[in-house]
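What follows is a single structure, written as structure tokens, with notes after it.
Small disclaimer: the values here were computed from a predicted structure and weren't measured.
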Amino acid sequence: MDAVPVKSPEDANLPPRALPTGEDVARRANVSRATVSYVLNGVTSQKISQKTREAVHRAADELGYRPNPAAQSLAAGASRIALLVMPGVHLGELFIEVSSLLTARAAERGVTLIVHIESPASRTVIDVAQDLRPRAVFSMFGLDEQTVSWLRERGIPVASLRQDSGDSVTANDRSGWLQVHHLADHGHSRIGFADTDDPGLRMVAESRRDDILDACRQHGLPTPLHEQFGLDGHDAAEKVRRWVEAGVTAVAAYNDEVAITVLAGIRRAGLRCPEDLAVIGVDEMAINGSMDPPLSSIEFDMDNFGLLYSDALSAMLDGRASPPRELVTDDLMRVVERASTAGSPLMSFDPE
């Protein structure tokens with residue numbers, strides 16, 4: 001068995017070894033720093049002998065040096081970075097699935113995918129893009145008009161889930177439509193919408209609320225009664241009572257977490273689900289089956305969502321036209337019915 005070196009106490013106090021730099025590579029290869037940059041960034045406009053190129057690559061390998069992607073973009077004039085812009089909110093498995101597939105597609109093309117989380121404390125997308133010069137920017141929930149215009153003026157393609165932001169990749173998120181269709185199919189004619197009070201989710205929440213409003217109109221139902229809920233359950237019982245007193249018999253919630261808060265409000269109000277108030281959420285959390293009663297929800301097809309986004313990113317990185325692609329609701333989501341809406345087994349609907 002090979003001996004394993006043991007660190008002395010003095011070693012433990014030493015600062016961590018610094019990463020090698022381009023200057024280190026230049027010294028070892030006995031060339032200028034500029035030559036290292038030209039060779040490792042693949043610049044072909046400079047006349048550099050094959051012997052010198054081999055010496056630079058050998059020195060870089062021996063030192064374990066990797067060029068900075070942003071510096072490569074500046075030197076070569078073609079970025080090897082793509083930017084994925086995500087909201088600073090919890091997106092669960094959907095974020096993991098989509099970002100993993102996008103990372104793999106980018107890597108196939110020698111491109112590094114960098115995730116930028118938008119929040120009040122973060123730098124703007126424009127600031128980040130100025131530093132990184134990304135080849136493409138992909139936003140899951142859309143960018144503001146000023147940012148989209150700035151990127152397009154500089155020839156940086158933009159794609160987004162939202163139809164009004166960038167080159168739309170239409171995922172046809174009709175979760176609200178499915179909720180209303182499911183509730184109406186079970187005879188409910190007066191529906192409430194349980195919204196989130198999280199300001200970071202406002203863009204997505206407004207989209208789902210609009211979808212529910214549209215679905216109620218299509219089904220000939222009254223405008224749904226709107227209530228906002230915090231996950232702490234404050235005033236949940238009072239809001240549930242208001243719904244019941246107004247004749248609401250079923251609630252479509254923004255997501256499963258809000259739906260679970262509504263379930264708590266129903267219990268605190270001394271009412272029953274679904275006898276007094278039926279509830280359906282969105283996201284199909286693993287815990288839904290353990291709720292009392294088990295919670296109905298809308299389940300997203302992670303594979304299809306991921307493929308939709310990764311196909312769009314591939315087209316952007318390859319410089320191909322990326323016309324809006326649409327998958328119908330049946331491809332992307334389905335109703336998972338449980339006791340909170342009381343009815344038949346699992347079902348799917350196509351709103352078309």
Looking at Q146, I'd like to know if its CD atom is crowded, meaning that more than 12 non-hydrogen atoms belonging to other residues, nucleotides or ligands lie closer than 6.0 Å.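 It does not: Q146 CD has 12 such atoms or fewer within range.
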
Within 6.0 Å of CD1 in I126, more than 12 heavy atoms from elsewhere: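 More than 12 heavy atoms, drawn from other residues, nucleotides or ligands, come within 6.0 Å of this atom.
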
Give a yes or no answer on whether the side chain of [X] reaches the backbone of [Y] with a donor-acceptor pair at less than 3.5 Å.
{"X": "D144", "Y": "T147", "answer": "yes"}
{"X": "S37", "Y": "R33", "answer": "no"}
{"X": "S340", "Y": "S296", "answer": "yes"}
{"X": "H181", "Y": "W177", "answer": "no"}
{"X": "T103", "Y": "L113", "answer": "no"}
{"X": "D276", "Y": "L271", "answer": "no"}
{"X": "R208", "Y": "Y254", "answer": "yes"}
{"X": "R154", "Y": "A129", "answer": "no"}
{"X": "D283", "Y": "M285", "answer": "no"}

Do [X] and [Y] come close enough that some side-chain heavy atom pair is under 4.5 Å?
{"X": "P224", "Y": "L213", "answer": "yes"}
{"X": "T196", "Y": "N255", "answer": "no"}
{"X": "H57", "Y": "L40", "answer": "yes"}
{"X": "R123", "Y": "D131", "answer": "yes"}

Reported [atom1]-to-[atom2] distance for the pair [X] and [Y], which is rounded to 0.5 angstrom:
{"X": "M86", "Y": "E118", "atom1": "CE", "atom2": "CD", "result": "10.5 Å"}
{"X": "L225", "Y": "R242", "atom1": "CG", "atom2": "CZ", "result": "10.0 Å"}
{"X": "W243", "Y": "I266", "atom1": "CH2", "atom2": "CD1", "result": "8.5 Å"}
{"X": "T52", "Y": "N30", "atom1": "OG1", "atom2": "CG", "result": "9.5 Å"}
{"X": "F138", "Y": "L84", "atom1": "CZ", "atom2": "CG", "result": "7.5 Å"}
{"X": "E227", "Y": "D197", "atom1": "CD", "atom2": "CG", "result": "12.0 Å"}

Out of I114, V158, L143, which residue meets the side chain to side chain contact (heavy atoms under 4.5 Å, CB included) rule with V85?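 Result: among I114, V158, L143, L143 is the only option passing the side chain to side chain contact (heavy atoms under 4.5 Å, CB included) with V85.
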
Which residue is it: D256, L183, V262, I191? I am looking for the one with a side chain to side chain contact (heavy atoms under 4.5 Å, CB included) to I280.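 Output: one option passes, namely L183.
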
Parallel, tilted or perpendicular for F193 and H226, by the 30°/60° rule?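 Because their plane-to-plane angle lies in the 30° to 60° range, the rings of F193 and H226 count as tilted.
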
Residue that, paired with T341, satisfies side chain to side chain donor-acceptor pair (under 3.5 Å) out of H188, H182, Q179: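 Only one option passes, and that is H182.
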
Carboxylate-amine/guanidinium proximity below 4.0 Å for D24 and R27: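 Yes, charged N to carboxylate O under 4.0 Å.
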
Are any of the side-chain nitrogens in E284 or R338 under 4.0 Å away from the carboxylate oxygens of its partner?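 Yes, E284 and R338 are salt-bridged.
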
Shortest non-hydrogen contact from L295 toward A259: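 Taking L295 first and A259 second, the nearest heavy atoms are CD2-CB, 3.8 Å.
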
If you look at every heavy atom in A29 and A55, which pair is closest and at what distance?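 That closest heavy-atom pairing would be CB-O, 3.8 Å.
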
